[in-house]
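The structure appears below as structure tokens.
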2 protein chains.
Amino acid sequence: MEKTRPSPRRDESLSRERIVDAAIALLDAGGADGLTFRALAERLATGAGAIYYHVANKSDLLTAACDSVIAHTLAECAVDGSPAAQIRDIALGLFDAIDAHAWVGSALAGAPGELPGVRILERIGRQVDALGVPHGGQWAAVCALVNYIMGVAGQNAANSQIARTHAYDRASLLDAMATRWSQLDAQQFSFTRSVADQLRDHDDRADYLTGLDLILQGMETLYAHPGQKD
Amino acid sequence: MEKTRPSPRRDESLSRERIVDAAIALLDAGGADGLTFRALAERLATGAGAIYYHVANKSDLLTAACDSVIAHTLAECAVDGSPAAQIRDIALGLFDAIDAHAWVGSALAGAPGELPGVRILERIGRQVDALGVPHGGQWAAVCALVNYIMGVAGQNAANSQIARTHAYDRASLLDAMATRWSQLDAQQFSFTRSVADQLRDHDDRADYLTGLDLILQGMETLYAHPGQKD
DNA sequence: GTTGTTGTGGAACGTTGTTCCATGCGTATT
DNA sequence: AATACGCATGGAACAACGTTCCACAACAAC
């Protein structure tokens, strides 16, 4: 039986929601390392112990913050259009959300099977079903899409983590990486050197979409389905 | 000018290689949290300060340990067969390596653009080129493959991290997750519930390969190339 | 033997997540 | 109205971590 909250002592009393909101603010401002129980306590004008009454531990808090962002992101994705178009819309929405809140990437990667990840699985799974993929192949197909998205998310998270700790911007980070790549051994790393230049001014978002389309195309080809096109 | 090492004081003196090997042993035994400068110092019968003379910091050490595993793994992959077959071989080799040393997954994800990641990029890039993908599409294609592999790696790392801290084995972990999924709201999470059962006894490796083939198939379809089949 | 450099070991510092507990406030009971 | 109870709070304390620092040992060169 749910007991109605016995009217908090103040209107500004502590609550899981207020804690999660403050955590998101700290994470957005300081990256994954910006979330600290001490900073959180200060921002909420309380002690560290009080927070633990509403939140199990840091991992729990991080997952809750992540879930808040994911839920809001998915709520704003289109619910019409062809299945493939919806998948692209969801994937792009997630990309932009993770780009804006890089910590979401690592939080998502660190909490497999938890609510935020499940939300993504659900939304993509429905569209894969609508796409006509046979039941036997749905699990593998959805996993492929989700794993790809998570992989990109992880890379983005790591990149902006590095950018933050080194106080670089994205451009100089990529430039430094491209320079390092082009100094590699010519024989041992011929391919890497050949793409080092493209690294400098490539479009993350566009490449992301291209990769997504590769998977979607593979699904369409392998699970040949009746007619419906993008 | 390279100065020849002035003959170390002992044969069992400290060296970067010995440190990295000890780090790998600790990581294999205790997961990503098992690597500690104190534990490392104890195992090497020295102090923490001495280690810092050979290694810049923990991140540097972790990347070096990761690179050692990746380099050895890639060295054992087949160098014959069709490009697609070689890509599968490389991807499977990486999967097994990360399965055996789960910490490699997170180390790889946390060091984008560093040597271990570049090794993977290079090996896959060459095969994508051999596959007949036009130069303009190679970067995106390779990124798609690598991102997918990294996504799976991250998930595996997170899963075995959880399994370790909760002292679960893989089976009970998946079982607990499946149970949690099947208790979700029937309307809001219909797809997730429909695949919850498949979660219990699915084959990670097989699903991984299926996803990989999805991408390879997409590449074959989109970048239609002359003849060569798997 | 003396000097100088290359490595070494361990103490110390600042920061973190987490635990613990004395205390305050609100509600219910008498 | 006074008391008692329990939810919720704030902050002190603890163990562990990465990292820095420095006194000093081992070897090489002279």
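In this text the structure is predicted, and so the values were computed from the model without any measurement. Proteins come first, then strands; the chains are lettered A, B, ... in the order of their sequence lines, and each starts at number 1.
- Backbone-only contact: A:Leu35 has heavy atoms under 4.0 Å from sugar-phosphate atoms and none from a base.
- Taking atom CD1 of B:Ile51 as the reference point, atom P of D:dT19 lies 12 Å away to the nearest angstrom.
- Within 4.0 Å (heavy atoms only), A:Ala48 reaches at least one base atom of the nucleic acid.
- Taking atom CZ of residue A:Arg18 and atom P of nucleotide D:dT9, one finds them 9 Å apart after rounding to whole Å.
- In this structure, B:Asp60 places its CG atom 14 Å from C1' of D:dG18, rounding to the nearest Å.
- Rounded to an integer number of Å, the gap from A:Tyr52 OH to D:dA12 C1' is 15 Å.
- Closest to the side chain of A:Lys58, out of C:dT16, C:dG7, D:dT9, is C:dT16.
- Salt-bridge formation is not detected for the pair A:Arg205/A:Asp99: no Lys NZ or Arg NE/NH1/NH2 atom is positioned less than 4.0 Å from an Asp or Glu carboxylate oxygen.
- As a whole-Å value, the separation of B:Tyr53 OH from D:dA26 C1' is 13 Å.
- Note: B:Tyr168 and B:His166 have tilted aromatic rings, judged against thresholds of 30 and 60 degrees for the angle between ring planes.
- Whole-Å rounding puts the B:Glu42 CD to D:dA16 P distance at 13 Å.
- Backbone-only engagement by A:Ala45 is indicated by non-hydrogen atom pairs under 4.0 Å involving sugar-phosphate atoms exclusively.
- With contacts defined as side-chain heavy-atom distances shorter than 4.5 Å, the pair B:Leu212/B:Leu145 qualifies.
- For A:Leu14 and D:dT9, the CG to P distance is 5 Å, given to the nearest whole Å.
- If you find the closest nucleotide of DNA chain D to A:Arg38 and to A:Leu44, the one lying nearer the 5' end belongs to A:Leu44.
- Using a 4.0 Å cut-off between charged nitrogen and carboxylate oxygen, B:Glu42 and B:Arg38 do not count as a salt-bridge pair.
- Put simply, CZ on B:Phe37 is 10 Å from P on D:dT20, counting in whole angstrom units.
- Remark on DNA chain C: of its neighbouring residues B:Gly49 and A:Thr36, the 5'-side contact belongs to B:Gly49, judged by nearest-heavy-atom nucleotide.
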Fill in: Stepwise salt bridge (charged side-chain N to carboxylate O under 4.0 Å, His left out) check, B:Arg123 with B:Asp89
CA-CA 11 Å; B:Arg123 283 293 286 267; B:Asp89 200 58; over 6 Å; no
